[in-house]
Amino acid sequence: MEAEVKAFELQELWRRYKEGGDTSARERLVVAYSPLVKFVAGRTGARLPSHVDQADLISYGMIGLIEAMERFEPDRQIRFETFAMQRIRGAIIDELRSLDWVPRSVRARARAIERANASLEAKLGRAPNDDEMAESMEMDVDEFHGALLEIANSSILALDDLWTFADPEGGGGQISVLDTIRDPSAADPEAEAETTELKDRLADAIESLPERERLVIALYYYENLTLREIGEILGVTESRVSQLHTKAVLSLRSRFPG
């Protein structure tokens, strides 16, 4: 009964806000959904370097919450929480990226690893292992692992990046592993077909990864486990999981140059 009362109250607040622009109702909605921002900020922060302030993430997320409230249409058959979570998360990531705190040398190293991975994969016909990657990069395995860790510590959810693809007939599109369902009102059958094709290609690319890297990707992006939790499952350190994750991401990105 309490849940029903709360749902009715929220429905009434949405009506007052959307139909009459009631600022009081808007403020109460912000308060009601603020725990959602804290939840998303917490999950996002668990994947970021320790120096990133949680309070800042919440502040960035509130911008996404307010934007989601402005765009949300209560009459549609979709929960606001579902609608808002991606926008909250997107606002956090957009703000972090705008700070551009990643050193150019780290970005350059990541691109070099992507190129080396693509070259070796074409040559070997399979995903290269760490020894092969290290030799190609003219470094020892420990240095290669260190490079992966440095990239991991300065990356913001690399698989959220949009990857561009093109086909021989001149078409193309963009996709991310965490691609979400499009707004039904903006559906484009041709674009949907292209996205489906690219999802299949991405699934094949993930399937071709070495077993441990594939497992890390599955646990991290589909099961929403933290690096520490994955480490406990695999029986390795959090740093080693971070290395495996970064190597897998760079391997996948090398197949979808943007």
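The first residue of the sequence shown is numbered 1, and numbering continues consecutively from there.
Relative orientation of the Phe83 and Phe72 rings is tilted, given thresholds of 30° and 60° on the angle between their planes.
In this structure, the side chain of Ser208 engages the main chain of Ala205 through a donor-acceptor pair within 3.5 Å. Checking side-chain atoms of Lys18 against main-chain N and O of Glu70 turns up a donor-acceptor pair under 3.5 Å.
Checked for salt-bridge contact, Arg126 and Glu132 meet the test: a charged N lies under 4.0 Å from a carboxylate O. Comment: Asp130 engages Arg240 in a salt bridge, judged by a side-chain N to carboxylate O separation of less than 4.0 angstrom. A salt bridge links Arg228 to Glu238: at least one charged side-chain nitrogen sits closer than 4.0 Å to a carboxylate oxygen.
For the residue pair Leu148 and Lys247, the shortest heavy atom distance occurs at CD1-CB, 3.7 Å. Nearest heavy-atom pair, Arg16 versus Ala25, reported as atom, atom and distance to 0.1 Å: CB-CB, 3.9 Å. Considering every non-hydrogen atom in both Arg214 and Glu207, the closest pair reads NH1-O, 3.2 Å. Of all non-hydrogen atoms in Leu209 and Ala248, the two that sit nearest each other are CD1-CB, 4.0 Å.
Within the structure, side-chain hydrogen bond (donor to acceptor under 3.5 Å, both in side chains) contacts touching residues 111-122 (residues at least two apart or in different chains) are Glu114-Arg253, Asn117-Ser251, Asn117-Ser254, Glu121-Arg255.
The OG1 atom of Thr44 sits 4.5 Å away from the CD1 atom of Ile92 when rounded to the nearest 0.5 Å. Between the CZ atom in Arg89 and the CG atom in Asp94 there is a gap of 11.0 Å [rounded to 0.5 Å]. Distance check: Ile88 CD1 to Ile93 CD1 gives 12.0 Å after rounding to the nearest 0.5 Å. Atom CZ of residue Arg79 and atom CE of residue Met85 lie 10.5 Å apart, to the nearest 0.5 angstrom. Leu149 CG to Ser239 OG: the interatomic distance, rounded to the nearest 0.5 Å, is 5.0 Å. One finds the OG1 atom of Thr237 at 7.0 Å from the CD atom of Gln243 (value rounded to the nearest 0.5 Å).
Residues Tyr220 and Leu244 form no side-chain contact, since every pair of their non-hydrogen atoms from C-beta on lies 4.5 Å or further apart. Side-chain atoms of Ile113 and Phe144, non-hydrogen and from C-beta on, do get closer than 4.5 Å to each other. Looking only at side-chain heavy atoms (C-beta outward), Val216 and Tyr221 stay at 4.5 Å or farther from each other. Using a 4.5 Å heavy-atom cutoff, the side chains of Val141 and His145 are in contact. Under the 4.5 Å side-chain criterion, counting only non-hydrogen atoms from C-beta, Ile230 is not in contact with Thr226.
Residues Ile63 and Ile66 do not share a hydrophobic cluster, clusters being chains of Ile/Leu/Val/Met/Phe/Trp/Tyr side chains in contact below 4.5 Å. A continuous path of hydrophobic side-chain contacts links Val30 to Ile58 [ILVMFWY only; heavy atoms under 4.5 Å].
For Glu12, the side-chain hydrogen bond (donor to acceptor under 3.5 Å, both in side chains) partners are Arg15, not counting sequence neighbours.
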Listed pairs under 3.5 Å, donor-acceptor, residues 31-40 side chains, sequence neighbours left out:
| unit_1 | atom_1 | unit_2 | atom_2 | d |
| --- | --- | --- | --- | --- |
| Tyr33 | OH | Trp14 | NE1 | 3.2 |
| Ser34 | OG | Val31 | O | 2.8 |

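Heavy-atom contacts from other residues, nucleotides or ligands closer than 6.0 Å to CD of Glu81 number more than 12.
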